[in-house]
Amino acid sequence: MKARRALIFWLLSLLCLTACEAEMSLSYNLSTGDAVTVTLDVEDGTYLFPENNCFVVKRDGQTLLTGRFVQFEDYFDYILSFEELEVYEIIPEDDTPTYYFFEESLEDGFHFTFLTQVEDQSTGAVVTASGISIEEAEDTFLHLHFTAFH
């Protein structure tokens with residue numbers, strides 16, 4: 001009886017450990033000289049994949065977000081190049097870094113773009129979404145984290 005309880009406890013613990021994976025990460029050594037890790041807080045079946053020097057967030061085979069890295073100087077030039085669009089600076093109240101957001105209405109629907117700088121680095125991340133709602137795009141973006149490593 002004692003062995004059976006121990007086995008059940010062990011199996012439940014193992015199940016919890018495997019079911020409670022909280023995040024996925026990818027690391028990149030960039031041409032800027034920076035080394036960046038992108039981490040996704042995994043929930044509701046979202047997964048992080050590398051794809052053609054970019055990263056992609058998918059759920060059930062659908063691409064939710066696609067991201068790439070740019071040099072710091074290019075990052076601000078990229079933001080300023082959209083003079084005809086309203087670019088919003090979002091300063092979260094928590095410790096989430098400031099990011100920029102704009103949306104474009106194109107022939108195939110709305111495209112949402114999020115821009116953020118990797119803290120203390122010369123690198124920025126450009127993350128785009130299409131085919132999903134603005135709420136889903138922003139919620140998924142806010143589950144991404146960008147950190148430098150050495």
Side-chain angles (χ1 to χ4, degrees), residues 11-150:
L11 288 173
L12 288 174
S13 297
L14 183 61
L15 178 63
C16 181
L17 287 173
T18 57
C20 296
E21 181 180 340
E23 58 189 28
M24 297 177 75
S25 296
L26 296 171
S27 296
Y28 295 87
N29 289 310
L30 304 172
S31 61
T32 61
D34 294 338
V36 176
T37 297
V38 56
T39 302
L40 174 67
D41 296 333
V42 180
E43 64 176 38
D44 299 331
T46 55
Y47 293 94
L48 184 62
F49 297 94
E51 191 172 283
N52 300 327
N53 294 325
C54 296
F55 57 90
V56 177
V57 177
K58 293 184 179 188
R59 179 185 305 122
D60 298 327
Q62 178 188 13
T63 298
L64 303 177
L65 301 177
T66 302
R68 63 185 176 87
F69 297 102
V70 295
Q71 289 186 356
F72 181 76
E73 295 84 18
D74 296 339
Y75 169 75
F76 286 106
D77 290 343
Y78 185 80
I79 293 170
L80 297 175
S81 72
F82 293 96
E83 293 175 4
E84 70 280 0
L85 299 173
E86 286 194 55
V87 178
Y88 300 94
E89 180 179 23
I90 312 297
I91 304 171
E93 292 180 6
D94 60 9
D95 62 351
T96 303
T98 296
Y99 63 93
Y100 299 86
F101 166 81
F102 64 89
E103 67 181 82
E104 298 175 272
S105 178
L106 302 175
E107 289 179 16
D108 62 343
F110 284 98
H111 291 254
F112 309 110
T113 301
F114 302 91
L115 307 158
T116 191
Q117 182 181 358
V118 179
E119 191 173 351
D120 300 326
Q121 298 297 305
S122 63
T123 298
V126 178
V127 181
T128 59
S130 59
I132 60 176
S133 70
I134 189 171
E135 294 83 11
E136 185 174 21
E138 184 174 38
D139 182 60
T140 305
F141 172 75
L142 290 174
H143 284 89
L144 287 172
H145 309 283
F146 304 94
T147 55
F149 70 93
H150 302 291

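Heavy-atom basis, side chains included; hydrogens, waters and symmetry copies ignored.
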**Q.** Which residues share a ring pair (Phe, Tyr, Trp, His ring centres under 6.0 Å) with Tyr99, sequence neighbours left out
**A.** Phe141
Q) Residues in ring pair (Phe, Tyr, Trp, His ring centres under 6.0 Å) with Phe55, at least two apart? A) Phe69, Phe146
Could you tell me whether the side chain of [Y] reaches within less than 4.5 Å of the side chain of [X], counting heavy atoms only?
{"X": "Phe110", "Y": "Ile132", "result": "no"}
{"X": "Phe101", "Y": "Leu115", "result": "no"}
{"X": "Glu138", "Y": "Phe114", "result": "yes"}

Q) According to the side-chain hydrogen bond (donor to acceptor under 3.5 Å, both in side chains) rule, which pairs have a member within residues 45-67, sequence neighbours left out? A) Arg59-Glu136
Closest approach of [X] to [Y] (non-hydrogen atoms, all atoms of both residues):
{"X": "Thr123", "Y": "Gln117", "answer": "O-CG, 3.6 Å"}
{"X": "Pro50", "Y": "Leu26", "answer": "N-CD1, 3.6 Å"}
{"X": "Cys54", "Y": "Gly67", "answer": "CB-O, 3.0 Å"}
{"X": "Ile90", "Y": "Pro92", "answer": "O-CD, 3.3 Å"}
{"X": "Ala35", "Y": "Asn29", "answer": "CB-OD1, 3.4 Å"}

Q. Can you check side chain to side chain contact (heavy atoms under 4.5 Å, CB included) on His111 and Thr128, steps first, answer last?
A. CA-CA 7 Å; His111 291 254; Thr128 59; over 6 Å; no
Q.
Going by salt bridge (Lys or Arg N to Asp or Glu O under 4.0 Å), name the pairs with one or both residues in residues 86-97, residues two or more places apart or in two chains.
A. none
Q) Quick one: salt bridge (Lys or Arg N to Asp or Glu O under 4.0 Å) pairs with a partner in residues 108-134, sequence neighbours left out? A) none
Q. Hey, what do you get for CG (Leu64) to OG (Ser133), rounding to the nearest 0.5 Å?
A. 10.0 Å
Q. How many angstroms lie between atom CG of Leu48 and atom OG1 of Thr39, to the nearest 0.5 angstrom?
A. 8.0 Å
Report yes or no: does [X] contribute a side-chain atom to a donor-acceptor pair with the main-chain N or O of [Y] at less than 3.5 Å?
{"X": "Tyr100", "Y": "Thr113", "value": "no"}
{"X": "Thr116", "Y": "Thr98", "value": "yes"}
{"X": "Asp34", "Y": "Gln121", "value": "no"}
{"X": "Asp41", "Y": "Glu23", "value": "no"}

(Q) What verdict does the side chain to side chain contact (heavy atoms under 4.5 Å, CB included) test give for Glu104 and Phe112, after you've listed the backbone C-alpha separation in whole Å, the side-chain angles of each residue and the deciding distance to 0.1 Å? (A) CA-CA 6 Å; Glu104 298 175 272; Phe112 309 110; over 6 Å; no
Q. More than 12 foreign heavy atoms under 6.0 Å from CD of Glu84: is that the case here?
A. yes
Q.
Test of understanding: with side-chain hydrogen bond (donor to acceptor under 3.5 Å, both in side chains), list the residues that count as partners of Asp77, not counting sequence neighbours.
A. none
Q) Do Ser27 and Thr37 have a side chain donor and acceptor closer than 3.5 Å? A) yes
Q: Let me see the working for Thr147 and Val36 under side chain to side chain contact (heavy atoms under 4.5 Å, CB included), right down to the final yes or no.
A: CA-CA 6 Å; Thr147 55; Val36 176; over 6 Å; no
